[in-house]
Amino acid sequence: MSSFKDANVLLEVKDLRTHFKTDNGILKAVDGVSFTVHEGETVGLVGESGCGKSVTNLSIMRLVPSPPGKIVGGEVLYRGTDIMKLSEKELRNIRGNKISMIFQDPMTSLNPYLRISTQMIETIRLHQNMTKQEARERAITMLKLVGIPSAESRIDCYPHQFSGGMRQRVMIAMALSCNADLLIADEPTTALDVTIQAQILELIKKITEQLKTAVILITHDLGVVAGMCDKVCVMYAGRIVESALTDDLYASPAHPYTKGLIASVPKMDGNREERLFSIEGQPPNVIDLPPCCPFHPRCNRTCEVCRHAYPPVKQVGEDHYVACWLACSEEERKGALEGAENNGK
Amino acid sequence: MALFRKKEIATNEFNQVIVGTSLTKEAWKRLKKNKLAVVGGVIVIIYTLIALCASLLPIYPYDEAITVHRNLRPSLTKTAGDLMLEQEMKNLFFQAWRQGRLELSDEEDAQIEAWVMESKTNQVWDLVYARGMEALEAGSFEWNSSEQSRIDRMLNNIETETQITIDKVSVVYEGKTMNIEDMSYEELRGLYASLLGVDENTLEESLVNEVRSAVSNELRSKDSTLSGEDLDSSVEMEMDALGEDGIHDRASTNIIGYIEQIAQRSANSDIQAMIDSGSMTFPYEGTFDLSNGLHVELEVTKMHERRYIFGTDYLGRDLLSRIIYGSQVSIAVGIVGTVTSIFIGILVGSLAGYLGGKVDYYLMRFVDIMYGLPYMLLVIICMAIFGRQIVNLFFALALVSWLTIARMVRGQIMSLKNQEYVEAARSMGAGTMHIIFKHMIPNSLSIIIVYSTIRIPAFIMQESFLSFLGLGVQAPYASWGSLIGDAVSSMALYPYKLIIPSIVMVIFLFSMNFLGDGLRDAFDPQTKNQL
Amino acid sequence: MTKYIIRRLIGMIPTLFIIITLSFFIVRIAPGGPFDGERALPEAVKRNIEAKYHMDEPLIVQYGRYLFDVVRGDLGPSYKYKDYDVNTLIAVSLPNSVVLGSMAMIVAIIFGVSLGTVAAVRQNTLLDYIPMILAAFGLSIPLFVFAPLLQQIFCMQLGWFPTTGWFMNNGAPLRTAVLPVIALSFAYYADIARLTRSSMVETLRSDYIRTARAKGMKNSTIIFKHAMKGAMLPIVSYLGPAFAGILTGSIVVEQVFLVPGLGKFFVQSSFNRDYTLIVGVVIVYSAILIVMNFIVDIVYAYLDPRISYK
């Protein structure tokens, strides 16, 4: 798989922080996330449920429901302009036009009270200077592209007349109908049958390659990532713990969590007698988390410093970054431990 | 206690406290956070306590009518006597102004004329009273002799008149000492006949006639256009609706009144003697054994020293007391109606939900059709036709209000039916009723209770609505609705009669609504957009 | 759709039938007849009257006769207002009630939906608090308190409105309708506003609204085009019960503001056992209610494409 190092940077997320106010305290759903997406690149965002993957992407689009959520810091640069600083109107010009999204549950993501045609045509006409008829034809073309049979007549149906897989196809058609540069796919296949999942992923891959769209693919399935992505970011408890090109990540995972994740993917060629690997324990509650590596209770290589300070991000290879004390030198750990103890006093 | 506390606190690897909370506990926590709901809850509890303890409170009886005290305005400081005098003087000043003896400025004259045209009586009275008192003090106005004597007479009455309140009359009847309030109609009639020395049958006839003429008066006060044939026929219908038992009940009330009067009259001379000799201190409580075999416990108070902080009604009954006893009726209707409707609703809903199939289909079609009925109209018809007793009211309201709860319970049961633990219970051989009452209803009870709380204000409103129309609670009993209904016709002259019960009622409904909303949000945060 | 409408139309018949039967028998089994009281009448005359009104026949025959008449649209003669038949009495008073009720309903819907939507969109601001506090009042102040208070304040104290009169009679000015309509609509404004707010808040949180935002739609388009339809469904299904409430509520309003409507006849006729008039009024009220429920169902089906017409 080729590196996209030479391509232009499309999206750059820097130190993004999104917090939620809850009854029990402030929930730091996204706490300092940074990554980049190049033109045409497919980036996978992997992690367990509740680790902040979806909130990261909603924050990119400034779609976090507020209240209770609030983006408290960081920058999201789309071709150099900071989305966080745009006015509502400028933002609307990016949403759906430059960056579009598809969501986890196709059953609820389409408006059940409006025809597919209405929903698609309004999107196209919003961003492209088209007449109603032109927009309709464009919509039909897109539906055909995503493989909806007899799109000319089906376009006037309501969402409930489609199956789940078909609805996700409609969502993809709608998301790409304005030639967006970046498609954010938030677990697009979780709610679908396994057989449909493969079809939809294949479709996303095919179409985005065809239209040269960059993709951020959110998933908890490392198998999906391996097949689809050029680059992978692994998230845990609101932060990215490791990011690397896909092949590098599989070949030499640096973070114990990533290792655990890879080990827990069932392998067809594996020994059947062997028990499937699983990571012990639960991810922490991210409210009032003390300064420490959030993974340390589940880690099999914990050391003292893990309990007292969050590890810094270290480069361990070309385009391969990890946030783990194991990747740090002895002096750095000692320094951090002393610093933490001084703070404690 | 401390031990238990310690057990509850557990921490994970991050020193984060992990507290296992049950659904109910969470809900309570949410409820406690909702200030309005808590305040509402406290107010509801206070109302309920006051209503429950009405008979223990130091208030005047709700049905004791003192004619000279009618329509007194509410006052915290002035006694009934002061208010009576004030009212009398207002009248006299006004007459004096009419006769030209009380002289006001031309502007004020014109103003009064205008007010009279608009029948703003209260403003006129207040103005002439204020000016009159000023003039009296300045010496520019004097009462003439007949006015002076009226005032003197009234002052004298206020000073001396006493109110004798009978607490209990008992009599030795057929060897037993009985409180007359506990006696049956026949016993009362016998006793009364012997006291009067007349034949029981003639007595019976006159008693029935008395009830008839009372009914006739009530009808005429409701609809002044009734007369002649129409009135007669309406009265007969009313009597039929009362039935023999109803007539006897009313007659019994009358007889008790008469016997109390006889007792009071007989005791009067003794009391008067005590007052004259100066040996009586007010308030006085005592017992008298009378020559005619009656044994009476009574209380003697200075009648005009009473204070009515909420004023009195058109018969001179204490409004405070009537409101408190009215709360009793209104709150009781709310609670009893809700409980009955929950009971029927649970029964029908759980049967339909659990049995499913044809039973479910027919029960739910029935509920659907009932939903289509203008049921308040049917309640009105029932009340008008089957007599306006509180029992009928409970019955009529409860009969039509279980529909929503039945639907809700059915939905709950349907969703619970397929849960594993129910399967488990069935696989162990538990019967239908056991599963319904031991497993399903307890699990849906919290939601049912929450929705019932929301229903209570609706019941109270419906009861009051009927009472307002004159179809609910009947005199001498009161409810919030009947108090408001009575006040509407005279609201221009005595606005307090309308405003005070309205405020009392609205505060309760407010609290109840906030409490209900709070409970619903706490226990069932999902389904917010249902009424 | 047509099939669905026809099926619902046919479904109305049993409800109406039950209402007629129920009210007929409740009224008949009650003690005391309309002519019982007139003792002065000789037995023969009384029998004559009863024969005239077919009251000498067995109950079931009377019922059958009545049912037949109702189907023909004849509600029979009034027993009390001897020179009128029920049809005339209803025809005279019904329009007043219908106009009052519909005006109240329209006012309640307009204010309830618009203020409820504003409250949902501007959550936790003054524009949320004021309509909701008003709604809390509407929920807790019973109509029979509110109507007299309005009359007391605006007619008697301030003198802004005439105390009696109804604009459809004797050329009384239109403003005579203001207070009755406000009084009658207040409680329903409260319900509709609260319902709209919560349903709107719920809808605005839903996935498809997030999709619309992600597409870059304008806020106003999202609210009116995407959210409104779904958010209106609970309100539409509430309108059925609301109509029923307004019917009963109008009895109070008509009494307080002396509107010459059907409500007065209803209360009076149930007091003096004017059988035919009671049953007639109940039938008319029920018919209105059933038709309203029917319309509500059709509107609901129109708004929600997921409803199947099978």
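Fair warning: this is a prediction, and the values are worked out from it, not measured in the lab. Letters A, B, ... are given to chains in the order of the sequence lines, protein chains preceding strands, and every chain is numbered from 1. Any value given below was found using the heavy atoms of this structure, including those in side chains, with hydrogens, waters and symmetry copies removed.
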Heavy-atom contact with chain C under 4.5 Å, split by part of [X]:
{"X": "F514(B)", "result": "side chain"}
{"X": "S464(B)", "result": "both"}
{"X": "P501(B)", "result": "neither"}
{"X": "V488(B)", "result": "side chain"}

- [ ] Pick whichever of V252(C), I290(C), V282(C) has the most heavy-atom pairs under 4.5 Å with chain B.
- [x] V252(C)
For [X], which atoms come within 4.5 Å of any heavy atom of chain B: side chain, backbone, both, or neither?
{"X": "F137(C)", "result": "both"}
{"X": "I141(C)", "result": "both"}
{"X": "V281(C)", "result": "neither"}
{"X": "L22(C)", "result": "side chain"}
{"X": "A136(C)", "result": "both"}

Exercise: identify the closest heavy-atom pair between [X] and [Y]:
{"X": "F144(C)", "Y": "M505(B)", "value": "CZ-CE, 3.8 Å"}
{"X": "Q152(C)", "Y": "P495(B)", "value": "NE2-CB, 4.2 Å"}
{"X": "L509(B)", "Y": "S140(C)", "value": "CD1-O, 3.1 Å"}

What distance separates [X] [atom1] from [Y] [atom2], expressed to the nearest 0.5 Å?
{"X": "F510(B)", "Y": "L139(C)", "atom1": "CZ", "atom2": "CG", "result": "8.5 Å"}
{"X": "I251(C)", "Y": "F468(B)", "atom1": "CD1", "atom2": "CZ", "result": "11.5 Å"}
{"X": "R194(C)", "Y": "D517(B)", "atom1": "CZ", "atom2": "CG", "result": "4.5 Å"}

Open item on the list: For the CZ atom on F294(C), are there more than 12 heavy atoms of other groups (residues, nucleotides or ligands in this structure) within a distance under 6.0 Å?
Closed with: yes
